[in-house]
Amino acid sequence: MSRQLAPITKFLVFILTSMAAIISNDTRFLALLALLSMLTYLHPKVKPYIPFLGLIGCHLIILYLFNPSYAVSLYHYDISWIYDFTIQDVLYLLTIMLKDIIILNFLTYFIISSRPSEISASLAELGLPYRLAYKIGQLFTVVPTYKKTVLKLKQAAAAQNKTVSKRTRFHFFLSANQHHALSSRHFGKKSHRTWYANPVLSRLDYLVLLLALFSVIISISLIYINGSRLWNPFI
(Lines give C-alpha, C1' and ligand atoms only; values in the text may rest on other atoms or scores of the structure.)
Protein backbone atom coordinates (compact mmCIF):
# COMPACT_ATOMS: atom_id res chain seq x y z
CA MET A 1 0.00 0.00 0.00
CA SER A 2 2.97 2.27 -0.44
CA ARG A 3 1.54 3.31 -3.82
CA GLN A 4 -1.24 5.86 -3.79
CA LEU A 5 -4.74 4.42 -3.98
CA ALA A 6 -7.86 6.31 -4.97
CA PRO A 7 -9.72 7.84 -1.99
CA ILE A 8 -12.86 5.82 -2.69
CA THR A 9 -10.74 2.64 -2.69
CA LYS A 10 -9.23 3.42 0.72
CA PHE A 11 -12.66 4.14 2.18
CA LEU A 12 -14.23 0.95 0.77
CA VAL A 13 -11.27 -1.12 2.00
CA PHE A 14 -11.89 0.25 5.50
CA ILE A 15 -15.61 -0.58 5.30
CA LEU A 16 -15.15 -4.08 3.86
CA THR A 17 -12.32 -5.15 6.18
CA SER A 18 -14.26 -3.81 9.18
CA MET A 19 -17.24 -5.90 8.10
CA ALA A 20 -15.03 -8.98 7.79
CA ALA A 21 -13.56 -8.37 11.26
CA ILE A 22 -16.97 -7.83 12.86
CA ILE A 23 -18.64 -10.85 11.22
CA SER A 24 -16.03 -13.46 12.12
CA ASN A 25 -14.79 -14.56 15.55
CA ASP A 26 -12.24 -16.95 14.07
CA THR A 27 -8.98 -15.94 15.75
CA ARG A 28 -6.87 -17.52 12.99
CA PHE A 29 -8.55 -15.49 10.25
CA LEU A 30 -8.44 -12.28 12.32
CA ALA A 31 -4.73 -12.78 13.02
CA LEU A 32 -4.05 -13.05 9.27
CA LEU A 33 -6.18 -9.99 8.51
CA ALA A 34 -4.48 -8.02 11.30
CA LEU A 35 -1.11 -8.97 9.82
CA LEU A 36 -2.23 -7.74 6.41
CA SER A 37 -3.46 -4.50 7.98
CA MET A 38 0.14 -3.82 9.03
CA LEU A 39 0.88 -3.22 5.34
CA THR A 40 -0.76 0.18 5.77
CA TYR A 41 2.42 1.28 7.59
CA LEU A 42 4.26 1.05 4.28
CA HIS A 43 2.71 4.42 3.51
CA PRO A 44 5.21 7.11 4.60
CA LYS A 45 2.55 9.18 6.39
CA VAL A 46 1.03 6.30 8.37
CA LYS A 47 2.76 5.46 11.64
CA PRO A 48 1.67 3.55 14.76
CA TYR A 49 -0.46 5.87 16.87
CA ILE A 50 0.45 5.27 20.54
CA PRO A 51 -2.89 6.49 22.02
CA PHE A 52 -4.64 3.73 20.04
CA LEU A 53 -2.75 1.16 22.13
CA GLY A 54 -4.19 2.70 25.28
CA LEU A 55 -7.64 2.74 23.70
CA ILE A 56 -7.41 -0.96 22.82
CA GLY A 57 -6.10 -1.78 26.30
CA CYS A 58 -8.99 0.07 27.99
CA HIS A 59 -11.46 -1.72 25.73
CA LEU A 60 -10.09 -5.14 26.73
CA ILE A 61 -10.01 -4.31 30.44
CA ILE A 62 -13.61 -3.03 30.41
CA LEU A 63 -14.80 -6.14 28.56
CA TYR A 64 -13.12 -8.45 31.07
CA LEU A 65 -14.27 -6.55 34.17
CA PHE A 66 -17.82 -6.28 32.87
CA ASN A 67 -18.19 -10.08 32.65
CA PRO A 68 -15.09 -12.08 33.74
CA SER A 69 -16.79 -15.45 33.14
CA TYR A 70 -18.04 -14.65 29.64
CA ALA A 71 -15.17 -16.40 27.83
CA VAL A 72 -15.71 -19.62 29.82
CA SER A 73 -19.41 -19.64 28.94
CA LEU A 74 -18.56 -18.80 25.33
CA TYR A 75 -16.11 -21.66 24.79
CA HIS A 76 -17.90 -24.06 27.18
CA TYR A 77 -14.61 -25.00 28.79
CA ASP A 78 -12.52 -23.84 31.75
CA ILE A 79 -8.73 -24.03 31.93
CA SER A 80 -7.50 -21.88 34.81
CA TRP A 81 -4.28 -19.98 34.21
CA ILE A 82 -3.61 -17.24 36.77
CA TYR A 83 -6.14 -17.22 39.62
CA ASP A 84 -9.53 -16.81 37.92
CA PHE A 85 -7.99 -15.71 34.62
CA THR A 86 -8.38 -18.59 32.16
CA ILE A 87 -6.90 -19.61 28.81
CA GLN A 88 -10.35 -18.94 27.36
CA ASP A 89 -10.12 -15.33 28.57
CA VAL A 90 -6.78 -14.97 26.79
CA LEU A 91 -8.19 -16.30 23.50
CA TYR A 92 -11.35 -14.19 23.72
CA LEU A 93 -9.48 -10.96 24.52
CA LEU A 94 -6.94 -11.73 21.79
CA THR A 95 -9.80 -12.08 19.32
CA ILE A 96 -11.23 -8.70 20.34
CA MET A 97 -7.79 -7.09 20.22
CA LEU A 98 -7.25 -8.32 16.66
CA LYS A 99 -10.62 -6.87 15.62
CA ASP A 100 -9.62 -3.48 17.08
CA ILE A 101 -6.23 -3.55 15.34
CA ILE A 102 -7.79 -4.31 11.95
CA ILE A 103 -10.40 -1.57 12.17
CA LEU A 104 -8.06 1.10 13.59
CA ASN A 105 -5.25 0.35 11.12
CA PHE A 106 -7.42 0.68 8.03
CA LEU A 107 -9.23 3.70 9.48
CA THR A 108 -5.91 5.40 10.23
CA TYR A 109 -4.69 4.62 6.71
CA PHE A 110 -7.79 6.17 5.14
CA ILE A 111 -7.69 9.33 7.25
CA ILE A 112 -3.93 9.99 7.40
CA SER A 113 -3.16 9.20 3.76
CA SER A 114 -6.12 11.19 2.40
CA ARG A 115 -6.52 14.92 2.04
CA PRO A 116 -9.80 16.44 3.33
CA SER A 117 -10.95 16.95 -0.25
CA GLU A 118 -10.32 13.26 -0.98
CA ILE A 119 -12.35 12.23 2.07
CA SER A 120 -15.23 14.42 0.88
CA ALA A 121 -14.97 12.98 -2.62
CA SER A 122 -15.05 9.41 -1.27
CA LEU A 123 -18.18 10.01 0.79
CA ALA A 124 -19.92 11.81 -2.06
CA GLU A 125 -19.02 8.98 -4.45
CA LEU A 126 -20.91 6.57 -2.17
CA GLY A 127 -24.08 8.64 -2.38
CA LEU A 128 -23.74 10.95 0.63
CA PRO A 129 -25.12 14.45 -0.10
CA TYR A 130 -22.16 16.49 -1.30
CA ARG A 131 -22.81 19.33 1.18
CA LEU A 132 -22.60 16.88 4.08
CA ALA A 133 -19.59 15.14 2.51
CA TYR A 134 -17.86 18.49 2.16
CA LYS A 135 -18.51 19.41 5.81
CA ILE A 136 -17.23 16.03 7.04
CA GLY A 137 -14.06 16.49 5.01
CA GLN A 138 -13.59 19.95 6.51
CA LEU A 139 -13.65 18.45 10.02
CA PHE A 140 -10.25 16.92 9.29
CA THR A 141 -8.81 20.38 8.74
CA VAL A 142 -9.68 21.53 12.26
CA VAL A 143 -6.48 20.35 14.00
CA PRO A 144 -4.02 21.51 11.28
CA THR A 145 -5.83 24.87 11.05
CA TYR A 146 -5.72 25.30 14.82
CA LYS A 147 -1.97 24.57 14.90
CA LYS A 148 -1.29 27.09 12.12
CA THR A 149 -3.44 29.68 13.92
CA VAL A 150 -1.60 29.19 17.21
CA LEU A 151 1.78 29.44 15.46
CA LYS A 152 0.84 32.73 13.79
CA LEU A 153 -0.46 34.17 17.07
CA LYS A 154 2.71 33.14 18.91
CA GLN A 155 4.93 34.72 16.25
CA ALA A 156 2.89 37.94 16.30
CA ALA A 157 2.94 38.07 20.10
CA ALA A 158 6.69 37.34 20.25
CA ALA A 159 7.34 40.28 17.91
CA GLN A 160 5.61 42.52 20.47
CA ASN A 161 7.12 40.82 23.54
CA LYS A 162 3.72 39.53 24.61
CA THR A 163 2.23 36.15 25.44
CA VAL A 164 -0.98 34.66 24.07
CA SER A 165 -3.37 32.91 26.46
CA LYS A 166 -5.17 29.70 25.54
CA ARG A 167 -8.48 31.56 25.71
CA THR A 168 -7.27 34.09 23.14
CA ARG A 169 -6.06 31.32 20.84
CA PHE A 170 -9.38 29.51 20.97
CA HIS A 171 -11.41 32.72 20.48
CA PHE A 172 -9.32 33.67 17.44
CA PHE A 173 -9.72 30.18 16.01
CA LEU A 174 -13.53 30.27 16.43
CA SER A 175 -13.66 33.66 14.73
CA ALA A 176 -11.66 32.34 11.78
CA ASN A 177 -13.92 29.30 11.48
CA GLN A 178 -17.03 31.49 11.64
CA HIS A 179 -15.67 33.60 8.80
CA HIS A 180 -15.02 30.45 6.76
CA ALA A 181 -18.55 29.18 7.46
CA LEU A 182 -20.10 32.47 6.32
CA SER A 183 -18.00 32.52 3.15
CA SER A 184 -19.20 29.00 2.21
CA ARG A 185 -22.83 29.53 3.25
CA HIS A 186 -24.05 29.64 -0.33
CA PHE A 187 -21.66 26.91 -1.46
CA GLY A 188 -23.28 25.11 -4.41
CA LYS A 189 -26.87 25.42 -5.58
CA LYS A 190 -27.26 22.10 -7.38
CA SER A 191 -27.71 18.63 -5.93
CA HIS A 192 -24.42 17.30 -7.36
CA ARG A 193 -20.92 18.46 -8.14
CA THR A 194 -17.69 17.10 -9.59
CA TRP A 195 -14.64 16.34 -7.45
CA TYR A 196 -11.16 16.99 -8.77
CA ALA A 197 -9.73 14.83 -5.94
CA ASN A 198 -11.51 11.68 -7.10
CA PRO A 199 -9.26 10.02 -9.74
CA VAL A 200 -10.15 7.16 -12.06
CA LEU A 201 -9.64 3.72 -10.48
CA SER A 202 -6.49 1.87 -11.59
CA ARG A 203 -5.77 -1.86 -11.74
CA LEU A 204 -4.22 -1.63 -8.30
CA ASP A 205 -7.43 -0.13 -6.93
CA TYR A 206 -9.52 -2.96 -8.38
CA LEU A 207 -7.09 -5.57 -7.05
CA VAL A 208 -7.14 -4.13 -3.53
CA LEU A 209 -10.94 -3.87 -3.60
CA LEU A 210 -11.19 -7.46 -4.77
CA LEU A 211 -9.00 -8.63 -1.89
CA ALA A 212 -11.07 -6.63 0.60
CA LEU A 213 -14.28 -8.14 -0.78
CA PHE A 214 -12.65 -11.58 -0.64
CA SER A 215 -11.98 -11.06 3.08
CA VAL A 216 -15.72 -10.57 3.65
CA ILE A 217 -16.50 -13.75 1.66
CA ILE A 218 -13.99 -15.72 3.74
CA SER A 219 -15.43 -14.28 6.94
CA ILE A 220 -18.93 -15.44 6.00
CA SER A 221 -17.68 -18.83 4.74
CA LEU A 222 -15.98 -19.53 8.08
CA ILE A 223 -19.40 -19.38 9.78
CA TYR A 224 -20.45 -22.45 7.79
CA ILE A 225 -17.09 -24.17 8.12
CA ASN A 226 -16.89 -23.73 11.91
CA GLY A 227 -20.61 -24.20 12.45
CA SER A 228 -20.86 -20.74 14.05
CA ARG A 229 -19.09 -17.38 14.09
CA LEU A 230 -16.80 -18.73 16.80
CA TRP A 231 -13.65 -20.79 16.35
CA ASN A 232 -13.44 -23.08 19.37
CA PRO A 233 -10.11 -24.96 19.64
CA PHE A 234 -11.20 -26.52 22.96
CA ILE A 235 -13.72 -28.91 21.46
Side-chain angles (χ1 to χ4, degrees), residues 1-2 5 9-43 45-114 119 139-140 143 208-235:
M1 290 196 179
S2 57
L5 297 174
T9 301
K10 290 181 278 190
F11 184 70
L12 287 176
V13 165
F14 162 64
I15 295 297
L16 291 172
T17 52
S18 296
M19 287 176 56
I22 292 172
I23 291 172
S24 178
N25 282 334
D26 192 314
T27 313
R28 301 166 299 178
F29 168 70
L30 293 173
L32 178 60
L33 196 57
L35 187 63
L36 290 175
S37 74
M38 298 298 179
L39 294 176
T40 58
Y41 295 121
L42 293 176
H43 193 283
K45 290 184 179 180
V46 181
K47 298 178 181 179
Y49 192 48
I50 302 302
F52 278 165
L53 298 179
L55 182 64
I56 294 174
C58 290
H59 184 205
L60 299 179
I61 292 172
I62 291 172
L63 281 179
Y64 177 73
L65 294 178
F66 184 75
N67 191 352
S69 60
Y70 178 73
V72 174
S73 62
L74 184 66
Y75 292 100
H76 304 292
Y77 208 73
D78 186 357
I79 303 177
S80 295
W81 187 29
I82 303 174
Y83 296 104
D84 293 332
F85 196 66
T86 65
I87 299 296
Q88 286 69 32
D89 290 320
V90 175
L91 184 60
Y92 171 67
L93 294 178
L94 174 63
T95 302
I96 300 301
M97 183 185 72
L98 292 172
K99 288 174 179 280
D100 290 343
I101 289 174
I102 293 165
I103 294 173
L104 290 176
N105 276 350
F106 284 111
L107 176 62
T108 303
Y109 173 69
F110 169 61
I111 294 176
I112 299 299
S113 66
S114 303
I119 295 175
L139 289 177
F140 294 95
V143 174
V208 171
L209 284 174
L210 186 61
L211 292 175
L213 181 61
F214 189 55
S215 71
V216 178
I217 296 174
I218 293 177
S219 182
I220 297 174
S221 300
L222 286 172
I223 297 177
Y224 297 96
I225 295 173
N226 295 330
S228 67
R229 293 177 57 211
L230 184 70
W231 171 63
N232 192 346
F234 303 102
I235 333 188

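Treat the numbers as computed from the prediction; the structure is a model and nothing was measured. The first residue of the sequence shown is numbered 1, and numbering continues consecutively from there.
Ring-plane geometry between Phe110 and Phe14 is classed as parallel, the angle between the planes falling under 30 degrees on a 0 to 90 degree scale with a further cut at 60.
To the nearest 0.5 Å, atoms CZ (Phe214) and CG (Leu209) are separated by 15.0 Å. For the atom pair CG (Asn67) and CD1 (Ile62), the distance works out to 14.0 Å, reported to the nearest 0.5 Å. Distance CG/Leu94 to NZ/Lys99: 11.5 Å, rounded to 0.5 Å. The CD1 atom of Ile22 sits 11.0 Å away from atom CG of Leu30, with the distance rounded to the nearest 0.5 Å. Annotation: the span from Leu104 atom CG to Ile56 atom CD1 amounts to 5.0 Å, rounded to 0.5 Å. The structure places CG of Asp100 at 11.0 Å from CG of Leu53, a figure rounded to the nearest 0.5 Å.
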Query - Chi angles and distances behind the side-chain contact (heavy atoms from CB on, under 4.5 Å) call for Leu74, Gln88 - result: CA-CA 8 Å; Leu74 184 66; Gln88 286 69 32; over 6 Å; no
**Report entry** Audit row: Leu222, Arg229, side-chain contact (heavy atoms from CB on, under 4.5 Å) steps and yes/no
**Finding:** CA-CA 7 Å; Leu222 286 172; Arg229 293 177 57 211; over 6 Å; no
Query - From CA spacing to verdict: side-chain contact (heavy atoms from CB on, under 4.5 Å), Ile61, Phe66 - result: CA-CA 8 Å; Ile61 292 172; Phe66 184 75; over 6 Å; no
Report task. Could you check Asn105 against Tyr41 for side-chain contact (heavy atoms from CB on, under 4.5 Å), going step by step and ending with a plain yes or no? Result -> CA-CA 8 Å; Asn105 276 350; Tyr41 295 121; 2.7 Å; yes
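Nearest heavy atoms, Ser219 versus Phe29: CB-CE2, 3.9 Å.
Contact annotation: the side chain of Met97 approaches that of Leu60 to within less than 4.5 Å [non-hydrogen atoms, C-beta and beyond]. Side-chain contact between Lys10 and Ser113 is present, with at least one heavy-atom pair separated by less than 4.5 Å. With a 4.5 Å cut-off on side-chain heavy atoms, Leu33 and Ser37 do not count as touching. Put simply, the side chain of Thr40 does not reach to within 4.5 Å of the side chain of Thr108, judged on heavy atoms. Contact of the Phe106 side chain with the Leu16 side chain is not registered, since no non-hydrogen atoms from C-beta on lie closer than 4.5 Å. Between Ser24 and Ile218 there is no side-chain heavy-atom pair separated by less than 4.5 Å. In this structure the side chain of Tyr109 reaches within 4.5 angstrom of the side chain of Leu5, judged on heavy atoms.
Side-chain contact check for Tyr92 and Asn25: no donor-acceptor pair (N or O, by modelled atom type) lies under 3.5 Å. Judged purely by distance below 3.5 Å, without hydrogens or angles, the side chains of Thr17 and Ser215 never pair a donor atom with an acceptor atom. A side-chain donor-acceptor contact under 3.5 Å links Asp89 and Thr86.
Side-chain atoms of Asn232 come within 3.5 Å of backbone N or O of Tyr75 as a donor-acceptor pair.
A salt bridge (Lys or Arg N to Asp or Glu O under 4.0 Å) check over residues 18-35, counting only residues at least two apart or in different chains, returns the pairs Asp26-Arg28.
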